[in-house]
2 protein chains.
Amino acid sequence: MPAKISTLATRKAAARRPSGGLSPLEVEAIDLFISLVRLLGMPKSVGEIYGLLFASPEPLALDALMRRLHMSKGAASQGLKVLRSFGAVRAVYVAGDRRDHYVADFELSKFASTFIKEELQPHLDSGAARLERMAHHLAKLPKAEREAARARMAKLQHWKEKGQAMLPWLLKFLVA
Amino acid sequence: MPAKISTLATRKAAARRPSGGLSPLEVEAIDLFISLVRLLGMPKSVGEIYGLLFASPEPLALDALMRRLHMSKGAASQGLKVLRSFGAVRAVYVAGDRRDHYVADFELSKFASTFIKEELQPHLDSGAARLERMAHHLAKLPKAEREAARARMAKLQHWKEKGQAMLPWLLKFLVA
DNA sequence: CATCCTGTTCATTTTTATTTGAACATAATG
DNA sequence: CATTATGTTCAAATAAAAATGAACAGGATG
């Protein structure tokens, strides 16, 4: 087995947490990203993993995440899967080590655009489909109620258009 | 007890759902708002209530919501509380009826600004506080790691500023 | 003022989301 | 090619969120 290649600094840093403890800086970063992913409706473990990778100067493998975050192998594997799928994290090659090592990708743009495309857009699309069905039901309504209902539907239509107009703009803002 | 005052149309509409069933239009509206509130991390019941009120031509009281949505009194009460707190719903007076009757407020602006102020802003604030703590920890880091850590922190700082810059704009966009 | 009507609160139950851990697949190693 | 290391998947366990319903508070009503 070839010797592990590492800098003096990273060896020292690793040696400082022999039993996988977290530095105060790492704890803060993890907390920060936990609240961010919760805001986006993702499991806490995803935030923990990204937070630790974000704070870590060296790439980390799955077993390091497990050990340092007290997390099962399954959770770490699934969390990494999500983060990969969003482009928030990527694997880097580490010479002489079979394991996959991950680093946090600092460019939020990919993350934001994937999130919008996969999470927000589908909602808007299904909303649009629903509006069409509603227009259809509307026609069959007794005319006493039809007018009031039509006014409400127009409101919904307006909101939908506003949402659709905002997404691309929001995306550009985040990416910039 | 004074006679209930109602229009011919609303009496007819009410008569059409004697056992509290929902029209197809109402079902679509409810589904739409369920997915919206879920997106914002709120319980489904909140979406059900708003959806039904949105679709309903007449104001509805708590017991009507319970009956038509098959929802417990507690859930209806709490859902209305949330909706009131966001300004998404308001009570209207109905002559000769002791119960509180609610209508959906169609102006999303209040809702959006309350949501941003109560849900998003606190996250940004706690994030800012965390950044300060992190800067403090940074100073105590051995200098071998300090530079890499500082670069990461600068990235976070940048994101925070971007987020803070976006909120007011987003708000204006939604309100317009 | 006793009773009824309406709505709120909160301990308990139910439902849903997340995590665990063991079984499995795959690939590297000797 | 047997063994070991690594990572994934998924059924079961656990934790978290939401709904229920009974107890309660307050106000109207007769």
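By convention in this document, chain letters (A, B, ...) are assigned in the order of the sequence lines, proteins followed by strands, and residues within each chain are numbered from 1. Since this is a predicted model, take the numbers as computed values, not measurements. Basis for what follows: all heavy atoms, side chains included, without hydrogens, waters or symmetry-related copies.
Here the P atom of nucleotide C:dT19 and the CG atom of A:Leu65 are 14 Å apart, to the nearest Å. Rounding to whole angstrom units, CE of residue B:Met71 and P of D:dT20 are separated by 7 Å. In this structure, A:Ile49 atom CD1 and C:dT18 atom C1' are separated by 13 Å, rounded to whole Å. In this structure, B:Glu48 atom CD and D:dA18 atom P are separated by 13 Å, rounded to whole Å. At whole-Å resolution of the value, CG in B:Leu83 and P in C:dG7 are 15 Å apart. Across the protein-nucleic acid pair, A:Met42 atom CE and C:dT18 atom P stand 11 Å apart, rounded to whole Å.
Pairing each heavy atom of B:Leu22 with each of B:Leu52, the nearest pair is CD2-CD1, 3.9 Å. Summarising the geometry of A:Phe33 relative to A:Gly47, their closest heavy-atom pair is CB-O, 3.6 Å, with the distance given to 0.1 Å. Shortest non-hydrogen contact noted between B:Met153 and B:Leu131 is CE-O, 3.9 Å.
Residue B:Ser72 has its side chain nearest to D:dT20 when only D:dT20, D:dA18, C:dG21 are considered.
With values rounded to the nearest 0.5 angstrom, B:Leu36 atom CG is found 9.0 Å from A:His123 atom NE2. Considering CZ of B:Phe54 and CD of B:Glu26, their distance stands at 12.0 Å, rounded to 0.5 Å. How far CE of A:Met166 is from NZ of A:Lys162: 8.0 Å, rounded to the nearest 0.5 Å.
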Expected string for nucleotides 6-17 of chain D under the B/S/- scheme (protein heavy atoms, under 4.0 Å, primed atoms plus P, OP1, OP2 as sugar-phosphate) is SBBBB-------
